[in-house]
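What follows is one structure encoded as C-alpha cells, with my remarks underneath.
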Amino acid sequence: MDDIGITYYEDSRVFKLDTPNTSYMIQIVDEEGFLGHMYYGAKLPDTTFGDWLRTKEYPFIPSKNNRERLAFLDALPMEYPTHGVGDFRLSALEIKTQGGHHACSITYFDHKIYKGKPNLTGLPATFGSDEECETLELTCKDSVLNLTVILNYTVFEDVDVITRSAKVVNEANQPIKLLKVLSASFDLEDDNYELITLHGAWARERMVERRKIAHGIQGVSSSRGETSQQEHPFLSIVNKTTTEDYGEAYGINFVYSGNFIAQAEKCSSDLIRIAIGINPVNFEWNLDPGEIFTSPEAVMVYSNQGIGQMSRTFHDLYRNHLIRGKYKDSERPILINNWEATYFDFNTDKLLDIARNAARLGIEMLVMDDGWFGKRNDDNTSLGDWYVNEEKLPGGLNYLVEEINKLGMKFGIWMEPEMVSKDSDLYREHPDWAIQVPNRTAALGRNQYVLDLSRKEVRDYIYERIRSILHSANIAYLKWDMNRPLTDLGSYALDEHSQGELSHRYVLGVYELQERLISEFPDLLLENCSSGGARFDPGMLYYSPQIWCSDDTDAIERLKIQRGTSMIYPLSTMGAHVSDCPNHALGRNTPFETRGYVALSGTFGYELDVTKISEEDQNKIPEQVAMYHKYNQLIRSGDYYRIASMMDDPTFDCTMVVAKDKSEALVTYIQVMARVAYRNRRIHLKGLEENSYYLWEETGEVYSGAVYMNVGITMDGLWGDYQGKLIHLIRQ
Ligand code: GLA
C-alpha cells in the first residue's frame, strides 16, 4: 500500500491512518494514556510531529498538574470521550454500574494493526480484502470497571474513507449497563464550519439543509425505530466557502437502520466535537460478565475538492465495498409496478393485461404490489397473513407467474414482513407478537402494529412465510416494505431489565432476516422500502442493492429528493419510476419524456397502468427502454457531478455522469420554469478530460473537454415548463 495504511510512531506515540488523499491521527497522551484526537484532513506526508495537542503547555496534563485534571479532561480533543469524569462535552460512551454509578474513563492499553477488515457480527458493514484495507484495533481499558473498549479503524486503499466502530467488553464479574455506545467521535478546531444535514417527511425525503455551526449542541436524530424520513444519519461539515467543487467537506454516515444521533457540539474554546451512533434514547444494553457489545459502523469521508468529491467517494465506497450480490455490478430488469396503477383493486386478469402491454413495449418485469394476500382490499387488514388471496388471483401465484413468464417477463412481489394488521389471523392468534406495552392501548399506524422481531420464534415464522411464497413460484424480485415507525416499546419476551434493548434487537432481527433471505435466494433482486424512503440507509444497502426512494414520483419533486439522496448514495441505489399524470402525490403534470429522464438517474421503471395512458405516451416507452439500456452501465458505474440545483435556482436543474475512464458522459438538464426575455442558458460541464475531444452525439459537434467545461454548452430549444433533455458526449 506504500503510503496508504496505518503506522504507529512509537517516539511520538502517534497512530497515523492514511488513505490516498487524507490522514487521520490519534495520539496517546500522558503517562495515563488518554487518547487524543490529533488531526483529520488532507494527507500529510510527515513522519515526525509537533505538540499539536498542546500537552507540553503547563499546566495542561494531569501527570504534571493533577490539581487541574478537570481542565484537562474538558479541553483535550478526545478520541472516544466517556461520560462522568470531567469531559462535559458530548460523550461517546456512558455506562451504569450495579451500584448506580455512571463514571467511566478509558485509557490506552495496547493495539494491533493488520491487513484486511473484520466483519461486524450480525451487523451490516463495508468490506474489503487484505489488499484493499488495513485495520487498527486500539484497545483501551477502564481499570476500575474492568471494562475494555476496542476502537476499530479501517482505511481503504482505493477510496478516501475511514470506517470506525467500537466494541465494549465486560471483564468484570458483575453486569454493567450500557446507556450510550456511539460509533465515532472526533474533534475539529472550528474554521468557519457549517453543517449540512438532510431532513424531510413522507414523500419529501432527504432535503438538503445548511446552517452555521453555533456554540452548543446541534444535530439530527431518530427515535422512530427506523432511520426515518424526518432526519438522516448523516452530517457533512463544510467551510463557509465550500461549494460543490471547492473547499473542505467532511462526511459522516452511519451504517445502521434504527435510532441514531448525529451531532456537532461547538464548545467554549471553539473546538467542534462530531459524534454519531445509536441514539441513547430508547437504548440500554445489559452486558453480563464476558459479554461483548459491538456498535454499528460509522463511515468518515474527507474531501478538499468540495461536496461533490465527498459524494463521489461515498458512491464508490458503497458500490464497491458495501453492496453485495448478483446485481451489485449488473443491469437490473426494467420493472412495472402496479401500485399507482391499481392500488388494491386488481386481479389476475388486470395484472396480465398490464403485463401483456408492458411486455410489448419492452418492459421486463411485472411487480405485484400490496393487496395479493389474506383479505387485503384496503390497508386495514391482513398483514401477517401471507397466503395468496385466490379470489383475486385464481390459480394462485403459480398460474399468474407462469403466464407472465410466458410473455418473456420476470415477476416480482411486494411484502411487508415486519408488520401485523390488527385485523389478521396472525394477530388474533399471537397478540403478544406485536410490540406493545401491557395494559396500554398501543398506537396504530396505518391500522397496523410492528412485530416483535427481537423474538426468534417471530422471525422464524415470518421467514418461513417469505420463503414459502418465494419457493411457490418463479419470483425474481421482492419489494420489502415497512410502513410505520416503532412506538409503545414493549416486548413480551424481554424481562424488566431488558426492555431497553428492544429497539436495537429489532434492527438486529431485521438484519438477520434479510441475511437469511439473500443467502437462500442469491438470485433474488431485493428492493427495500419504507413508506417510500424512510429506511434508505447504508445498513439496508448491505442487503438490497436498491431502495425505493420516495412515494413522491413527480419528476420535479424527485429532482430535489434524488439530489439529497445523491449526497451520499449512488444513483444505482435509488428506486425511481415513471408514473402517470396528474401525479398522484401532488397533482402536477409533466411531460412523459421528462419523467423518463429523471427516473433514468435511478434504477428506472414504471409505476402506471400502461393500458390507460395515452397511445402517444405508450409509444415513448420503447424509446425510454432503449435509452435505459444505452446509458444504464454509465449511470450505474460513473462519477456523478451536480451542476445546478433547482434548490438554488428554481428555474433549472442539471447533473451529469462521467465514465470512470472519461470515455463518455451523460448530462441531464431539466428546465423547471421557462424564462421569457432571457438568452439561452449556458451550462459548464465537469469531470471531462480537458485535452480530449468529445462528440456531442445529438448535434454532431466536437469540442475539447476544456471547451465543454470552460465555455460551456447552450441549452436551447426547450419550450415551456418542466422540459428536459439529455446530452451524450463520446470521447473521440
Ligand atoms: C408503501 C410503499 C408504496 C406501496 C405501498 C403499498 O407506501 O412506499 O410504494 O408499496 O406501501 O401499501
Side-chain angles (χ1 to χ4, degrees), residues 200-206 224-230 257 335-346 350-351 354 365-386 389 392 411-424 444-451 466 469 475 477-485 510 525-537 540 544 546-554 557-558 561-562 565 573-580 583-586 595 599 602-609:
W202 170 76
R204 185 163 37 83
E205 290 88 344
R206 291 172 293 285
R224 293 167 189 262
E226 58 177 347
T227 23
S228 91
Q229 272 141 333
Q230 285 68 18
S257 311
L335 66 83
I336 181 159
N337 179 303
N338 76 311
W339 179 240
E340 287 192 25
T342 66
Y343 296 102
F344 294 101
D345 182 20
F346 64 87
K350 205 164 196 172
L351 293 178
I354 293 176
M365 177 160 76
L366 179 103
V367 174
M368 176 172 68
D369 210 278
D370 194 356
W372 56 266
F373 52 92
K375 298 190 206 75
R376 192 151 164 104
N377 294 315
D378 55 39
D379 58 11
N380 288 316
T381 173
S382 299
L383 294 173
D385 298 343
W386 300 109
N389 178 347
K392 276 184 168 175
F411 178 81
I413 199 166
W414 176 98
M415 290 182 88
E416 196 179 351
E418 299 162 59
M419 298 290 153
V420 63
S421 299
K422 200 171 174 207
D423 175 16
S424 66
L444 285 160
R446 215 189 187 201
N447 226 344
Q448 63 200 52
Y449 294 122
V450 184
L451 285 169
I466 301 173
I469 293 292
I475 297 175
Y477 162 107
L478 173 65
K479 178 174 172 188
W480 177 307
D481 210 340
M482 194 273 191
N483 279 322
R484 61 155 289 174
V510 174
L525 174 55
L526 182 62
E527 175 156 357
N528 269 292
C529 173
S530 176
S531 304
R535 208 166 53 182
F536 200 123
D537 60 63
M540 299 318 286
S544 66
Q546 60 193 56
I547 301 177
W548 183 230
C549 212
S550 176
D551 277 347
D552 192 338
T553 52
D554 171 70
E557 291 304 296
R558 274 297 184 114
I561 296 168
Q562 293 175 197
T565 308
T573 63
M574 295 184 208
H577 298 166
V578 174
S579 63
D580 203 1
N583 180 266
H584 293 196
L586 77 168
R595 286 175 257 160
T603 57
F604 196 73
Y606 293 86
E607 183 108 6
L608 42 72
D609 186 344

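In what follows, every heavy atom counts, from backbone to side chain, and hydrogens, waters and symmetry copies are set aside. Remember, it's 1-based here, ligands and their atoms both numbered in the order they're listed.
- Close approach to Asp370 involves these atoms of ligand 1, each under 4.0 Å from a residue heavy atom: 6 (C), 12 (O).
- Between the CH2 atom of Trp414 and the CD atom of Glu527 there is a distance of 13.5 Å, given to the nearest 0.5 Å.
- What you find for Cys549 and Arg206 is that their closest heavy atoms are O-NH2, 2.9 Å.
- Heavy-atom proximity to Cys529, at under 4.0 Å, picks out these atoms of ligand 1: 2 (C), 8 (O).
- Of the N or O atoms in Trp414, one or more lie within a sub-3.5 Å distance of an N or O in ligand 1.
- With rounding to the nearest 0.5 Å, the separation of CG in Asn447 from CE in Met419 is 13.0 Å.
- Of all the heavy atoms of Arg446, the ones lying under 4.0 Å from any atom of ligand 1 belong exclusively to the side chain.
- Using a 30° and 60° split on the angle between ring planes, Trp339 and Phe344 fall in the perpendicular class, above 60°.
- The shortest non-hydrogen separation linking Lys392 to Asn377 is CE-OD1, 2.8 Å.
- Summarising the local packing, NZ of Lys350 is surrounded by more than 12 heavy atoms from other residues, nucleotides or ligands at distances under 6.0 Å.
- Here Asn483 has side-chain heavy atoms under 4.0 Å from ligand 1, and that is the only part of it that gets that close.
- For ligand 1, the atoms sitting less than 4.0 Å from at least one non-hydrogen atom of Ser531 are 7 (O), 8 (O), numbered in the order shown with element in parentheses.
- Looking only at protein heavy atoms, the nearest one to atom 2 (C) of ligand 1 is Asp481 OD2, 3.1 Å.
- Numbered from 1 in the order shown, with element, the atoms of ligand 1 that lie under 4.0 Å from a heavy atom of Gly532 read 8 (O).
- Nearest heavy atoms, Phe536 versus Trp548: CD1-O, 4.1 Å.
- In the vicinity of Lys479, heavy-atom distances shorter than 4.0 Å reach the ligand 1 atoms 3 (C), 4 (C), 9 (O), 10 (O).
- Using a 4.0 angstrom heavy-atom cutoff, His577 does not count as in contact with ligand 1.
- Ser530 and Glu226 are linked by a side-chain donor-acceptor pair at a separation below 3.5 angstrom, with hydrogens and angles left out of the test.
- Using a non-hydrogen distance threshold of 4.0 Å, Asp551 registers as a contact of ligand 1.
- Looking at atom 10 (O) of ligand 1, its nearest protein heavy atom turns out to be Asp369 OD1, 2.7 Å.
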